[in-house]
2 protein chains.
Amino acid sequence: MLSERQRMILNAIVDDYIRSAEPVGSRSISKRGDVTFSPATIRNEMADLEELGLLEQPHTSAGRIPSIKGYRYYVDHLVTLDGLGDQDVRKLRTFFAEKMNHWEGVIGHAATLLSQLTNYTSIVLGPEMFSTTLKHFQLIPINDVSAVAIIVANTGHVEHRTITIPDGISMDDMAKIVNLLNDKLTGIPFHRVKSVLHSEIAKELTRYIDHCEEILSLLEQTITEEQEPKVFLSGASNMLTQPEFKDIDKAKSILEMLEETQLLMQLFQSNPSGIQVRIGTENAMEAINQCSLITATYSYEGQSLGTIGILGPTRMEYGKVISLLDYLSKDIALLMSRWHK
Amino acid sequence: MLSERQRMILNAIVDDYIRSAEPVGSRSISKRGDVTFSPATIRNEMADLEELGLLEQPHTSAGRIPSIKGYRYYVDHLVTLDGLGDQDVRKLRTFFAEKMNHWEGVIGHAATLLSQLTNYTSIVLGPEMFSTTLKHFQLIPINDVSAVAIIVANTGHVEHRTITIPDGISMDDMAKIVNLLNDKLTGIPFHRVKSVLHSEIAKELTRYIDHCEEILSLLEQTITEEQEPKVFLSGASNMLTQPEFKDIDKAKSILEMLEETQLLMQLFQSNPSGIQVRIGTENAMEAINQCSLITATYSYEGQSLGTIGILGPTRMEYGKVISLLDYLSKDIALLMSRWHK
DNA sequence: CGTTAGCACTCCTTTTAAGCGAGTGCTAAT
DNA sequence: ATTAGCACTCGCTTAAAAGGAGTGCTAACG
């Protein structure tokens with residue numbers, strides 16, 4: 001349990017360090033105004049806080065910087081969430097104003113906005129189709145051997161891919177298949193599509209058409225494989241602004257990680273609804289052990305759909321970022337519900 | 001006009017500098033084996049080459065490095081295109097083997113491949129729809145007020161966006177409009193869609209439906225706005241590997257530029273078919289004045305469709321990159337023609 | 001007893017100086 | 001025409017010195 005004074009001092013140190021990126025000394029805290037004790041007193045408290053593991057010293061005779069544990073305490077107990085400035089609010093308001101006609105637009109724009117407002121890197125995961133239902137399925141022939149399969153979800157989400165039509169399947173057959181699929185699958189949640197495809201559709205299909213196994217597995221692939229969400233990244237170069245990454249090698253390993261979509265999705269794996277803060281080594285990923293990741297989920301009809309997140313140095317403006325993510329995730333949810341209500 | 005010996009020396013200097021990134025001295029050239037003259041002789045020639053503007057000296061008593069003009073001469077007259085190693089060829093072969101079912105897959109994969117094989121940054125522009133024709137147009141209602149418009153090109157390219165249905169337009173009306181559009185627009189090249197929409201469609205539409213101006217402009221937007229090609233980027237972090245960008249600020253300004261899709265498209269603006277090399281300040285963009293950009297167009301039925309490119313330091317392995325781009329652009333063209341023949 | 005002034009000490013950072021060495025340009029010899 | 005020899009330049013590395021921010025401890029103060 002920390003005393004009130006210790007908490008004030010810890011708060012002051014974290015705030016100062018977030019601004020300056022340099023170890024904070026007792027003198028500078030004493031001069032801040034909000035902590036009215038002398039440097040000597042503050043030094044004593046700082047020694048205690050260091051013993052508790054909340055602060056560390058880069059070397060003897062340097063100021064203190066917050067440890068991971070220190071940031072954690074700050075985030076859990078001290079941070080103030082007033083962080084949205086006038087400009088920020090104005091930009092966020094215009095977020096609604098811009099006409100967006102597909103979700104990629106919304107999500108991509110949100111990513112850009114986040115990185116611009118924070119000067120950190122933003123990572124945004126597009127909506128998962130898990131809880132959405134199939135609205136429409138269609139095959140459009142391109143030529144004799146290939147067709148475009150188009151899948152529309154009830155959220156307006158569209159996926160498509162080109163498939164090769166197996167030999168021995170006529171145009172008529174295709175039309176029948178499409179009708180059958182629309183009959184049976186419309187309104188079915190995507191995560192159940194696969195089983196319905198196997199149980200009901202397979203039987204019907206064998207009646208009409210030969211070679212049905214082939215086309216069935218093709219459709220299965222087409223419909224089920226595309227469920228992985230898309231990742232949007234913005235402001236990766238902002239990482240280079242941070243003094244902690246002036247070392248090219250550190251910067252490089254982070255940027256390399258950011259380029260691997262797979263890894264980013266791993267990073268977002270366990271996202272409980274609401275806002276989550278992962279500080280430094282609390283992140284599983286080696287490359288971002290000196291970073292903090294703050295994520296917020298956006299949801300539609302109570303179901304959490306996707307995630308927006310900010311990656312920055314552990315020395316991050318937690319207050320500002322948290323309130324921004326909170327605000328924007330609700331905005332996105334609202335925007336999506338307006339579309340599809 | 002350069003003498004044979006001068007060309008050998010220039011070639012040796014460029015080759016050496018590309019490998020080492022350090023100013024090349026007369027002594028080290030003399031020891032290479034392929035230029036059998038003494039350092040003193042080589043020094044004389046180097047002084048001449050500097051006077052011609054092909055070499056420069058970072059400071060007195062340093063070795064020489066190629067100037068922009070020097071690289072230009074190297075690329076135009078000296079470079080050897082044998083650059084594809086065994087591994088490279090093997091990886092390129094597997095490019096065809098992977099199953100790709102939409103063009104984004106091909107293009108994205110090509111970008112990854114290029115950056116991995118070269119350790120530079122690759123930029124790839126997806127196919128322009130300019131010369132392609134409309135294959136199918138469809139509106140799929142999502143709910144009472146919105147629908148998804150889907151546009152399929154004869155190349156299998158699919159675009160979609162959500163539109164809001166204006167008041168006073170019924171489902172029947174929509175169906176009529178879709179039929180009309182498919183009748184009139186199928187087979188029409190995209191660049192002519194707009195005018196056809198205004199001339200023929202507008203007349204017909206006024207007969208059936210009120211409020212037609214509104215929906216017409218909506219459709220026009222939908223169909224014409226989506227023609228801008230998509231940009232794929234890979235290996236941006238490779239820039240940080242190059243010693244010339246160990247300076248964080250230089251690296252940052254380049255990475256920032258790479259994040260702006262608009263700028264990248266500008267960069268590719270004038271792309272005559274075939275391979276183009278732009279060295280250093282030959283690039284219009286300030287941020288990449290210390291970079292070289294090599295681009296190759298890939299085409300389909302004689303019409304150049306899109307561009308693949310490599311961005312690296314001026315000290316780039318021109319031979320290897322040029323042959324690689326040449327090879328891959330033809331591969332992509334072949335792959336696309338196989339789909340749609 | 002909590003708080004604060006004073007002071008010696010630590011250690012990082014910046015500055016200055018010296019020496020090294022790769023490379024050049026010129027001259028004279030081959 | 002080519003090459004060996006040599007004095008000279010200048011960036012880079014290493015070493016030493018100066019500077020300074022900040023601490024921990026002790027003793028004095030209210």
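Chain naming here is simple, since letters A, B, ... match the order of the sequence lines and numbering starts at 1 in each. What's counted below: heavy atoms across the whole structure, side chains too, no hydrogens, waters or symmetry copies.
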Is a donor on one side and an acceptor on the other found under 3.5 Å between the side chain of [X] and the backbone of [Y]?
{"X": "A:Glu259", "Y": "B:Ser237", "value": "yes"}
{"X": "A:Ser20", "Y": "A:Glu22", "value": "yes"}
{"X": "A:Thr118", "Y": "A:Leu114", "value": "yes"}
{"X": "B:Arg278", "Y": "B:Leu267", "value": "yes"}

Surrounding CG of B:Asp86 (heavy atoms of other residues, nucleotides or ligands, distance under 6.0 Å), is the total greater than 12? no
In terms of heavy-atom contacts, does CZ of B:Arg27 have more than 12 from other residues, nucleotides or ligands at under 6.0 Å? no
What residues in residues 2-20 of chain A put a non-hydrogen atom under 4.0 Å from any atom of DNA chain D? none
Enumerate the residues from residues 34-45 of chain B whose closest heavy atom to DNA chain D is under 4.0 Å, giving them by residue number; use none for an empty result. B:Phe37, B:Ser38, B:Ala40, B:Thr41, B:Arg43, B:Asn44
Going by salt bridge (charged side-chain N to carboxylate O under 4.0 Å, His left out), name the pairs with one or both residues in residues 54-65 of chain A, residues two or more places apart or in two chains. A:Glu50-A:Arg64
Give me the distances for all protein-to-nucleotides 12-21 of chain C N/O pairs that come in under 3.5 Å?
none

When you compare the side chain of A:Asn11 with that of A:Arg7, does any pair of heavy atoms fall below 4.5 Å? no
Side-chain contact, heavy-atom cut-off 4.5 Å: B:Leu54 with B:Gln6? no
Determine the sole option in A:Ile254, A:Asn238, A:Leu240 for which the side-chain contact (heavy atoms from CB on, under 4.5 Å) test with A:Phe245 is passed. A:Ile254
For chain B, the stretch of DNA chain D it reaches, first to last nucleotide, under 4.0 Å of its heavy atoms: D:dT2 to D:dG11
Just verifying a value: how many Å separate B:Met46 CE and B:Ile9 CD1, rounded to the nearest 0.5 Å? 8.0 Å
By side-chain contact (heavy atoms from CB on, under 4.5 Å) - contacts of A:Thr281 (at least two apart): A:Ile68, A:Asn289
Report the distance from atom CZ of A:Arg27 to atom P of C:dT4, rounded to the nearest whole Å. 15 Å
